[in-house]
Amino acid sequence: MLLNGKIAAQSLQKKLKATLDLRLEKGLRAPHLVAILLGNDGASATYVQAKMKACQEIGFKSTVLHLPENTSQAELLAHIHALNADAQTDGILVQLPLPKHIVEKQVILAIDPKKDVDGFHPENLGRAVIHLPTFLPATPKGILELLSFYQIDVQGKHCVVVGRSHIVGTPISILLTRNDKIGNCTVTLTHSHTQNLETHTRMADLLIVAIGKPNFITADMIKPGAVVIDVGLTRIADERKKSGYSLVGDVDFEGAKKICSAITPVPFGVGPMTIYSLLHNTFLAYEKAQDDLTEKGALEEPSVFF
Ligand code: NAP
């Protein structure tokens, strides 16, 4: 089965739009997502564009704060603080990676957790760990939504995650161990120091790969019948393409599709689900902001995420 993230995201976005339209009919303002983009990295600009396009399609207001490459840490933090204080801004995302002179961790900590729609702030990650309502990090949340959309039963299964980044590998490994419908897995989290990686991947009923190395996972590393989620997204020069590049995943799709039971394509697998999750988190942030305005303090917790 092809786990088509484009189809799943379109269907979920349609439902979200219907919910939003009810709010707009009541005269409420639209949710507002602000993306901060530093410098001129082509891939980052493309990802931000895709996020903004999705906002427009669903009826969200979106703003890109495009800052020069040499923006200082202090200037960037000042922009974030201003957005934290702005009642018309529901969600803030800072597109990663950042230029080398910026301390990424400080940037993540500066975003108000109530507007942290990427779900990277430790307060939100901590809440996710102990299963409190929160903004789940967008890509792991998108993976959960995709598994749910295609009714993949993961409970009790052995999941192997390859890559332990703070934005994908580590959070998805935690989320899949939680006592939840899309959870209750036994998880092995692997990284570049893991010995005999293939002995682990071959035991996976659910294999999630997020390392950024094109076609790294080959068919011989996959258990027959496994479900494979390929998060990897690398631009490879391709003269045949108008853009001049192709997007390639971490899994050798052609080989893997012959042995697994289900697999995500690249592109149009995890990518659109990440964007949907960002929209959903922004909507949750907006609802909380609206509640604050109408019934001040009525909601102690952010809305349920999933
Ligand atoms: P990252 O920060 O680039 O880190 C890569 C991870 O892979 C690290 O944990 C590293 O281990 C591990 N790794 C590298 N080589 C390995 C090997 N040979 N065996 C096992 N593990 C290895 O990760 P990321 O930010 O999660 O990005 C990973 C990929 O996913 C990239 O291609 C990125 O573009 C893509 N991505 C896609 C989306 C989407 O929406 N589709 C979202 C986010 C990321 P160490 O920790 O030991 O160094």
Side-chain angles (χ1 to χ4, degrees), residues 3-6 8-9 12-13 35 41-54 93-98 100 104-105 107-108 117-120 125 135-147 159-176 187-204 207-218 220-222 228-236 245-253 263-281:
L3 305 175
N4 189 316
K6 194 172 176 185
L12 292 165
Q13 272 160 223
D41 177 68
S44 292
T46 307
Y47 297 145
V48 168
Q49 262 170 26
K51 291 167 186 175
M52 298 299 105
K53 186 166 169 259
L93 80 85
V94 179
Q95 185 64 38
L96 303 179
L98 289 164
K100 289 212 165 37
E104 191 179 293
K105 282 182 183 157
V107 173
I108 288 169
V117 289
D118 255 338
F120 296 161
L125 279 176
F135 302 119
L136 291 184
T139 301
K141 172 169 164 152
I143 295 171
L144 299 184
E145 291 279 12
L146 190 66
L147 292 168
C159 171
V160 175
V161 178
V162 188
R164 59 173 164 187
S165 72
H166 293 161
I167 64 169
V168 186
T170 294
I172 191 65
S173 69
I174 293 167
L175 296 176
L176 284 169
V187 179
T188 303
L189 177 59
T190 67
H191 44 77
S192 69
H193 296 261
T194 300
Q195 292 179 2
N196 303 319
L197 181 69
E198 62 285 359
T199 59
H200 296 284
T201 58
R202 275 187 212 129
M203 288 196 294
L207 179 62
I208 300 179
V209 192
I211 57 175
K213 295 196 168 165
N215 300 321
F216 182 86
I217 299 288
T218 45
D220 58 311
M221 298 168 79
I222 298 171
V228 180
I229 307 288
D230 187 356
V231 183
L233 208 55
T234 305
R235 283 181 172 202
I236 302 281
Y245 64 84
S246 289
L247 289 170
V248 182
D250 290 340
V251 178
D252 169 27
F253 182 86
I263 186 167
T264 54
V266 176
F268 307 129
V270 174
M273 298 306 293
T274 298
I275 294 181
Y276 164 72
S277 300
L278 183 69
L279 296 177
H280 191 245
N281 279 347

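Along the sequence shown, residues carry numbers from 1. Keep in mind it's a predicted model, so treat the numbers as computed, not measured. Both ligands and their constituent atoms are indexed starting at 1 by order of listing.
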Notebook entry, point to check: Is a side-chain donor or acceptor of Thr170 paired with a backbone partner of Arg164 at a separation under 3.5 angstrom?
Noted result: yes
Next item on the list: Of the side chain and backbone of Ile167, name the one, both, or neither that has a heavy atom under 4.0 Å from an atom of ligand 1.
Entry: side chain
Next item on the list: Consider every N or O of Arg164 and every N or O of ligand 1, then say whether any pair is closer than 3.5 Å.
Entry: yes
Margin query: Is it the case that the side chains of Ser44 and Asp41 hold a donor-acceptor pair, with the cut-off being a distance below 3.5 Å and no angle test?
Written below: yes
Next item on the list: Return the minimal non-hydrogen interatomic distance between Phe120 and Ile108, and the atom names on each side.
Entry: O-CG2, 3.4 Å
Margin query: To the nearest 0.5 Å, what is the distance between CG on Leu136 and CD1 on Ile143?
Written below: 11.5 Å
Next item on the list: First locate atom CD1 of Ile208, then atom OG1 of Thr190, and finally report the distance between them rounded to the nearest 0.5 Å.
Entry: 11.0 Å
Notebook entry, point to check: Mind checking whether Ser192 has an N or O less than 3.5 Å away from an N or O of ligand 1?
Noted result: yes
Note to self: If you take the nearest heavy atom of each of Pro214, Ala138, Gly5, Ala210, which one is closest to atom 28 (C) of ligand 1?
What the structure shows: Ala210
Notebook entry, point to check: Can you tell me the protein heavy atom closest to atom 34 (O) of ligand 1 and the distance?
Noted result: Leu233 O, 3.1 Å
Check: Minimum heavy-atom separation for Asn215 to Asp252, with atom names?
Finding: OD1-CA, 3.6 Å
Notebook entry, point to check: Looking only at heavy atoms, what is the nearest atom pair of Pro140 and Ile172, with distance?
Noted result: O-CD1, 3.7 Å
Notebook entry, point to check: Which pair of heavy atoms, one from Val168 and one from Ala210, lies closest together, and at what distance?
Noted result: CG1-CB, 3.7 Å
Margin query: Taking 4.0 angstrom as the limit and counting only heavy atoms of Gly271, give me the atoms of ligand 1 inside it, by number and element.
Written below: 40 (O), 41 (N)
Next item on the list: Kindly confirm or rule out an N or O of Lys213 lying under 3.5 angstrom from an N or O of ligand 1.
Entry: yes
Next item on the list: Please name the pair of heavy atoms, one in Pro137 and one in Pro171, separated by the smallest distance, quoted to 0.1 Å.
Entry: CG-CB, 3.7 Å
Margin query: Under 4.0 Å from a heavy atom of His193: which atoms of ligand 1 are those, numbered in the order shown and with their elements?
Written below: 47 (O)
Notebook entry, point to check: Which of the atoms in ligand 1, numbered in the order shown and given with their element, are less than 4.0 Å from a heavy-atom of Gly163?
Noted result: 6 (C), 7 (O), 9 (O), 12 (C)
Next item on the list: Can you label the angle between the His280 ring and the Tyr276 ring as parallel, tilted or perpendicular, going by 30° and 60°?
Entry: parallel
Margin query: In this structure, does ligand 1 have an atom that sits under 4.0 Å from one of the heavy atoms of Val162?
Written below: yes
Check: When you look for heavy atoms under 4.0 Å from ligand 1, do you find them on the side chain of Val231, its backbone, both, or neither?
Finding: both
Note to self: Any heavy atom of Gly169 closer to ligand 1 than 4.0 angstrom?
What the structure shows: no
Check: Do you know which two heavy atoms are closest between Asp118 and Val94, and how far apart they sit?
Finding: OD2-O, 4.3 Å
Note to self: Working to the nearest 0.5 angstrom, can you tell me the gap between Thr264 OG1 and Asn4 CG?
What the structure shows: 10.0 Å
Note to self: List ligand 1 atoms under 4.0 Å from Gly212, heavy atoms only on the residue side.
What the structure shows: 28 (C), 29 (C), 31 (C), 32 (O)
Next item on the list: Specify the protein heavy atom at minimum distance from atom 43 (C) of ligand 1: its residue, its atom name, and the distance to 0.1 Å.
Entry: Val168 CG2, 3.7 Å
Next item on the list: Using a 4.0 Å heavy-atom threshold (strictly under), name the region of Thr194 that reaches ligand 1: side chain, backbone, both or neither.
Entry: neither
Next item on the list: Starting from atom 21 (N) of ligand 1, locate the nearest protein heavy atom and write down its residue, its atom name and how far away it is, to 0.1 Å.
Entry: His191 C, 3.2 Å
Check: Can you tell me which residue and heavy atom of the protein come closest to atom 40 (O) of ligand 1, and the distance to 0.1 Å?
Finding: Thr274 OG1, 2.8 Å
Notebook entry, point to check: What is the closest protein heavy atom to atom 18 (N) of ligand 1, and at what distance does it sit?
Noted result: Phe216 CZ, 3.3 Å
Check: Short question: side chain of Asp250, backbone of Lys213 - any donor-acceptor pair under 3.5 Å?
Finding: yes
Notebook entry, point to check: Heavy atoms of the protein only: does one fall short of 4.0 Å from atom 48 (O) of ligand 1?
Noted result: yes
Check: Taking N or O atoms only and a 3.5 Å limit, does Leu197 qualify as a polar contact for ligand 1?
Finding: no
Check: Under 3.5 Å between some N or O of ligand 1 and some N or O of Ser165?
Finding: yes
Item checked: Proximity of Ile211 to ligand 1 by residue part, where a heavy atom lies under 4.0 Å -> both
Margin query: Within the structure provided, determine whether Met221 and Leu197 are in side-chain contact (heavy-atom separation under 4.5 Å).
Written below: yes
Item checked: Minimum-distance protein heavy atom relative to atom 42 (C) of ligand 1 -> Thr139 OG1, 3.3 Å
